[in-house]
Amino acid sequence: MRQLLLFFSLLLTALPLFAQDVILKSNGEEIPGKVITITPAQVTYISAAEGRSDTLQLASDTVFLIRYANGTKEVLHNPAAPMEPVMSKEEAYTQGRLDARKLYKAPGAFWGTYASTIVGVSYGGVVTGVVVGATKPKPQNFIVPEAKLLHNPDYMAGYQKQAHKKKIGSVVGGFGAGLGTVAILEAIIILAVFSNFT
């Protein structure tokens with residue numbers, strides 16, 4: 001009986017030696033051992049290599065995952081999903097304006113004002129231009145490089161402001177193009193009338 005108790009006590013003290021953590025590095029290398037501490041800079045562990053019991057360190061950014069002896073896992077560094085820098089309010093606002101300058105289009109504002117200027121002989125264009133220019137662009141018409149930016153209020157404020165300016169610019173452009181077309185048509189009519197008299 002005494003030998004059986006001694007055997008079980010040795011078995012219970014040896015179990016922690018068999019249960020070990022596994023450190024999986026970003027390059028795919030697996031390192032068995034016992035993790036002691038994890039800091040933002042390094043992972044400290046006791047090596048489980050045969051004949052070694054020294055304490056070693058690894059840079060935290062080289063460690064992808066730690067699989068603990070109890071079955072839990074902890075991801076330290078995922079190279080497939082790099083950390084994205086967080087934009088300040090000013091940066092988000094400025095980025096929104098820059099993206100609106102490049103990506104926002106308002107062809108309806110241009111062509112609507114152009115057509116109403118021709119049909120309404122300039123006064124229709126003024127009325128349409130004022131109404132279209134006064135309405136702010138709708139966010140569902142925004143074209144952004146990443147959908148998550150639509151949830152950033154500072155980015156959206158900058159985008160909205162610049163998109164509205166572009167929309168007003170399209171209205172002015174449509175009105176000017178409409179006036180130019182009307183002037184050309186009137187010149188053609190006047191030339192046609194005078195050529196009949198000569």
Side-chain angles (χ1 to χ4, degrees), residues 1-108 136-167:
M1 181 73 173
R2 188 173 175 189
Q3 291 174 341
L4 188 60
L5 284 173
L6 182 63
F7 173 73
F8 279 120
S9 65
L10 286 173
L11 183 64
L12 289 174
T13 57
L15 278 177
L17 297 176
F18 295 114
Q20 58 188 340
D21 304 328
V22 177
I23 301 168
L24 179 62
K25 293 179 70 177
S26 298
N27 65 5
E29 178 186 353
E30 289 189 8
I31 302 172
K34 179 67 179 154
V35 175
I36 300 171
T37 59
I38 300 171
T39 66
Q42 66 184 16
V43 175
T44 306
Y45 68 100
I46 297 173
S47 175
E50 203 170 306
R52 296 186 71 180
S53 62
D54 45 344
T55 303
L56 303 171
Q57 286 98 18
L58 285 171
S60 290
D61 60 354
T62 64
V63 176
F64 168 63
L65 172 121
I66 297 175
R67 217 173 18 244
Y68 293 104
N70 65 5
T72 60
K73 297 176 185 175
E74 182 177 359
V75 176
L76 295 186
H77 174 69
N78 188 352
M83 294 292 288
E84 295 184 21
V86 178
M87 288 191 285
S88 69
K89 289 182 176 190
E90 294 80 17
E91 290 171 332
Y93 183 83
T94 303
Q95 188 61 49
R97 295 201 59 175
L98 291 172
D99 287 348
R101 247 183 231 138
K102 286 189 290 187
L103 302 172
Y104 181 74
K105 307 283 185 249
K136 291 187 176 181
K138 296 177 182 162
Q140 61 262 27
N141 296 331
F142 292 172
I143 301 167
V144 293
E146 296 176 55
K148 67 179 181 175
L149 293 170
L150 294 171
H151 303 291
N152 184 325
D154 301 309
Y155 176 87
M156 288 299 288
Y159 196 106
Q160 179 89 29
K161 182 164 184 140
Q162 189 61 41
H164 194 216
K165 283 185 174 184
K166 273 189 88 171
K167 188 175 182 183

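Hydrogens, waters and symmetry mates play no part in the numbers below; they use all other heavy atoms, side chains included.
Applying the side-chain contact (heavy atoms from CB on, under 4.5 Å) test to Pro153 and every residue at least two apart in sequence or in another chain returns nothing. Listed by chain and number, the residues in a salt bridge (charged side-chain N to carboxylate O under 4.0 Å, His left out) with Arg97 amount to none (sequence neighbours excluded). For the side-chain hydrogen bond (donor to acceptor under 3.5 Å, both in side chains) test, no residue two or more places apart in sequence or in another chain qualifies with Asn152. Looking at residues two or more places apart in sequence or on another chain, you find a side-chain hydrogen bond (donor to acceptor under 3.5 Å, both in side chains) between Glu74 and Tyr68. Every residue meeting the side-chain contact (heavy atoms from CB on, under 4.5 Å) condition with Thr37, not counting sequence neighbours, appears here in chain and number order: Thr44. Listed by chain and number, the residues in a salt bridge (charged side-chain N to carboxylate O under 4.0 Å, His left out) with Lys136 amount to none (sequence neighbours excluded). By the side-chain contact (heavy atoms from CB on, under 4.5 Å) test, Leu103 is found to be paired with Asp99, Ile143, Pro145, Tyr159, residues two or more places apart in sequence or in another chain being considered. For Asn27, there are no side-chain hydrogen bond (donor to acceptor under 3.5 Å, both in side chains) partners, not counting sequence neighbours. For Ala157, the side-chain contact (heavy atoms from CB on, under 4.5 Å) test picks out Tyr93, with sequence neighbours left out. Remark: Glu90 engages no residue in a salt bridge (charged side-chain N to carboxylate O under 4.0 Å, His left out) (not counting sequence neighbours).
Distance check, rounded to the nearest 0.5 Å: CG of Leu24 to CD of Glu29 gives 9.5 Å. Taken to the nearest 0.5 Å, the CG atom of Asp61 stands 10.5 Å off from the NZ atom of Lys25. Gln20 CD to Lys34 NZ: the interatomic distance, rounded to the nearest 0.5 Å, is 10.0 Å. Between the NZ atom in Lys167 and the CD atom in Gln160 there is a gap of 9.5 Å [rounded to 0.5 Å]. The CD atom of Gln162 lies 12.0 Å from the NZ atom of Lys102; values are rounded to the nearest 0.5 Å. Distance check, rounded to the nearest 0.5 Å: CD1 of Ile66 to CD1 of Ile23 gives 5.5 Å.
Listed here is the closest heavy atom pair of Ala163 and Phe142: CB-CE2, 4.1 Å. Heavy-atom minimum distance, Val35 versus Asp21: N-OD2, 2.9 Å. Across all their heavy atoms, Pro40 and Ser60 have their closest contact at O-CB, 3.3 Å.
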Stepwise side chain to side chain contact (heavy atoms under 4.5 Å, CB included) test for Leu56 and Ile31: CA-CA 11 Å; Leu56 303 171; Ile31 302 172; over 6 Å; no
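Applying the salt bridge (Lys or Arg N to Asp or Glu O under 4.0 Å) test to pairs two or more places apart or on separate chains, none has a residue in residues 152-164.
Side chains of Met156 and Val144 form no contact here, defined as non-hydrogen atoms less than 4.5 Å apart.
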